[in-house]
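Heads up: the structure comes next, in structure tokens.
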Amino acid sequence: MQPLAIPEPLPSPTGAERRRALVVDDSRAQLRVMRIMLERAGFEVFEAQSGPEALALCCAMPPDIVVSDWIMPGMDGLEFCRRFRALPREGYGYFILLTSKSGKDDIAQGLDSGADDFLTKPVNGHELRARVNAGARIVAMQKELAEKNRQVTEALAELQKVHDAIDKDLRQARTIQESLVPERVRVFGRTRVSLLLRPCGHVGGDLVGMFSPAPARLGLYSIDVSGHGITSAMVTARVAGYLSSKFPDQNIALDRRPDSRFALRPPDETAQMLNARLSADPGVEEYLTMAYVVGDLDSGQMQMVQAGHAPPLLLRADGAVEMLGEGGLPIGLVDDVSYDTVRFAMRPGDRLLLYSDGFTEAVMQDGAMLGEEGLIDLFRDCATRAEGSELLEDMFWRLTSGMQRGATLGDDVSAALLEFGVVGRGRT
């Protein structure tokens with residue numbers, strides 16, 4: 001047998017850095033020599049003379065490095081390695097087999113059993129140190145990776161808590177925003193108003209609403225605030241207060257008369273007042289587009305302001321469609337601005353649709369946006385099949401069903417539908 005070359009000792013790590021090695025061999029002499037070499041390499045060394053004894057030590061004090069003889073009575077090194085790999089443990093254990101075998105089949109058998117490396121007897125001290133240090137580096141990297149994974153997991157858990165809190169707040173905000181439109185359907189004699197509001201996220205920047213200071217007088221609006229998300233939703237909440245149906249004293253579109261009754265202001269005057277309020281707010285960069293209609297439901301005479309909003313569609317009872325308005329400046333964009341009033345008349349069976357550009361800018365299966373012509377076709381077709389809120393829901397369903405596969409709404413979708421003189425006439 002060739003003499004074992006024992007290298008000079010290295011400075012030993014201390015404290016938390018000290019590495020743990022287990023030597024398994026049925027030869028006491030071999031154990032003693034291996035202990036000396038590993039201790040000089042900076043390891044805390046434990047010994048076992050059999051596989052079962054080694055497994056017990058591994059359960060009590062999991063080692064970083066295992067150096068085990070292949071040929072041992074009873075449980076040999078291969079079986080011990082297999083059982084070592086089956087033990088539950090947090091980190092990785094590097095396993096080196098000591099053997100006089102060097103054939104490829106033997107090496108493959110050892111690797112299949114879970115060994116990481118091999119040392120050929122007689123063991124050279126310098127080679128042992130190099131191989132156990134290489135294994136220790138792998139174990140250290142695995143521990144570092146495990147620690148980083150733990151930190152990432154903890155960070156993700158904290159982020160999840162924050163996300164859950166934000167999501168809860170946004171769900172509550174959505175409930176509050178839905179309360180801004182308390183009435184989705186209202187009937188005025190033979191005329192019906194229906195509203196649709198579908199944010200593309202938890203909350204959105206669209207708003208639709210109506211108010212009526214007298215049985216035959218109606219204010220109806222569709223608003224789209226620039227941008228998306230929370231900031232836009234806060235602006236819509238503010239505007240909803242300016243156009244409140246529950247608190248007429250706060251509604252800038254209503255004018256209190258000497259007899260304490262309220263009357264509708266002209267739509268151009270209402271738009272100017274709303275523009276003045278938004279323009280005067282410091283720090284508010286958002287603006288909004290609006291289509292606002294004031295109607296006499298007895299005569300069918302309507303007045304409208306289109307402040308940069310999508311042109312409303314007037315579907316006549318005979319199927320003809322008119323696009324109303326020529327644009328106008330959005331509200332809150334500049335300080336001093338005037339608005340034109342569009343006047344038109346509605347007859348029994350006519351339908352007026354105010355809508356946001358979430359309809360026209362939806363990308364359909366052919367890759368093109370729905371556009372105004374597509375919306376006209378959609379509106380006309382759905383109007384032959386349904387009325388009121390069912391008509392709006394049908395339009396929204398057909399819009400989302402016809403979008404590109406996997407596509408989601410890129411903008412809020414909202415609409416206000418005025419059906420003049422249709423109640424009690426049967427479906428037209």
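Because the structure is predicted, anything quoted here is derived from the model rather than measured.
- Ring to ring, Phe80 and Phe95 are close: their centroids are under 6.0 angstrom apart.
- A donor-acceptor distance shorter than 3.5 angstrom exists from the side chain of His309 to the backbone of Tyr355, with no hydrogens or angles considered.
- Judged by distance alone, the side chain of Ser244 and the main-chain N or O of Gly241 form no donor-acceptor pair under 3.5 Å.
- Side-chain atoms of Arg184 do not come within 3.5 Å of backbone N or O of Leu196 as any donor-acceptor pair.
- Side-chain atoms of Glu286 never come within 3.5 Å of backbone atoms of Ser226 as a donor-acceptor pair (strictly under, hydrogens ignored).
- Although no hydrogens or angles enter the test, the distance criterion places no donor-acceptor pair under 3.5 Å between the side chain of Asp268 and the main chain of Asp340.
- Each of Arg19, Lys143, Arg20 was compared with Asp64 under the side-chain hydrogen bond (donor to acceptor under 3.5 Å, both in side chains) criterion, and only Lys143 meets it.
- Ion pairing between Lys161 and Asp164 fails under the 4.0 Å rule for side-chain N and carboxylate O.
- A distance-only check finds no donor-acceptor pair linking the side chain of Ser401 to the backbone of Arg398 [under 3.5 Å].
- Glu322 is listed as a side-chain neighbour of Leu324, based on a closest heavy-atom distance under 4.5 Å.
- Judged by distance alone, the side chain of Arg129 and the main-chain N or O of Leu38 form no donor-acceptor pair under 3.5 Å.
- Heavy atoms only, all atoms of each residue included: Leu392 and Ala415 are closest at CD2-CB, 4.0 Å.
- For Gln306 (side chain) and Gly327 (main-chain N/O), a donor-acceptor pair under 3.5 Å exists by modelled atom type.
- Between Val193 and the options Leu418, Leu352, Val208, a side-chain contact (heavy atoms from CB on, under 4.5 Å) holds for only Leu418.
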Between Leu97 and Leu119, is a side-chain contact (heavy atoms from CB on, under 4.5 Å) present by the stated rule, with each step listed?
CA-CA 6 Å; Leu97 271 175; Leu119 274 172; over 6 Å; no
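- For the pair Arg347 and Phe420, the cation does not sit on the ring face, since its NZ or CZ is not both under 6.0 Å from the ring centre and inside 45° of the axis.
- Once rounded to the nearest 0.5 Å, the distance linking CD of Gln142 with CD of Glu90 reads 10.0 Å.
- A salt bridge links Glu387 to Arg192: at least one charged side-chain nitrogen sits closer than 4.0 Å to a carboxylate oxygen.
- Salt-bridge annotation for Asp249 and Arg256: present, with a side-chain N of the basic residue lying under 4.0 Å from a carboxylate O of the acidic one.
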Evaluate the side-chain hydrogen bond (donor to acceptor under 3.5 Å, both in side chains) criterion for residues Arg82 and Ser113: first the C-alpha distance (whole Å), next the side-chain angles of each, then the deciding distance (0.1 Å), finally the verdict.
CA-CA 5 Å; Arg82 283 190 286 266; Ser113 298; 3.0 Å; yes
Could you check Asp224 against Ser356 for side-chain hydrogen bond (donor to acceptor under 3.5 Å, both in side chains), going step by step and ending with a plain yes or no?
CA-CA 6 Å; Asp224 185 357; Ser356 68; 5.1 Å; no
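- Across all non-hydrogen atoms, the minimal contact from Gln301 to Ala345 is NE2-CB, 3.6 Å.
- Checking side-chain atoms of Asn275 against main-chain N and O of Gly332 turns up a donor-acceptor pair under 3.5 Å.
- Under the 3.5 Å distance criterion, the side-chain polar atoms of Arg89 are matched with a main-chain donor or acceptor of Gly91.
- Evaluated for a salt bridge (charged side-chain N to carboxylate O under 4.0 Å, His left out) with Asp116, the options Arg131, Arg85, Arg137 yield exactly one hit, Arg85.
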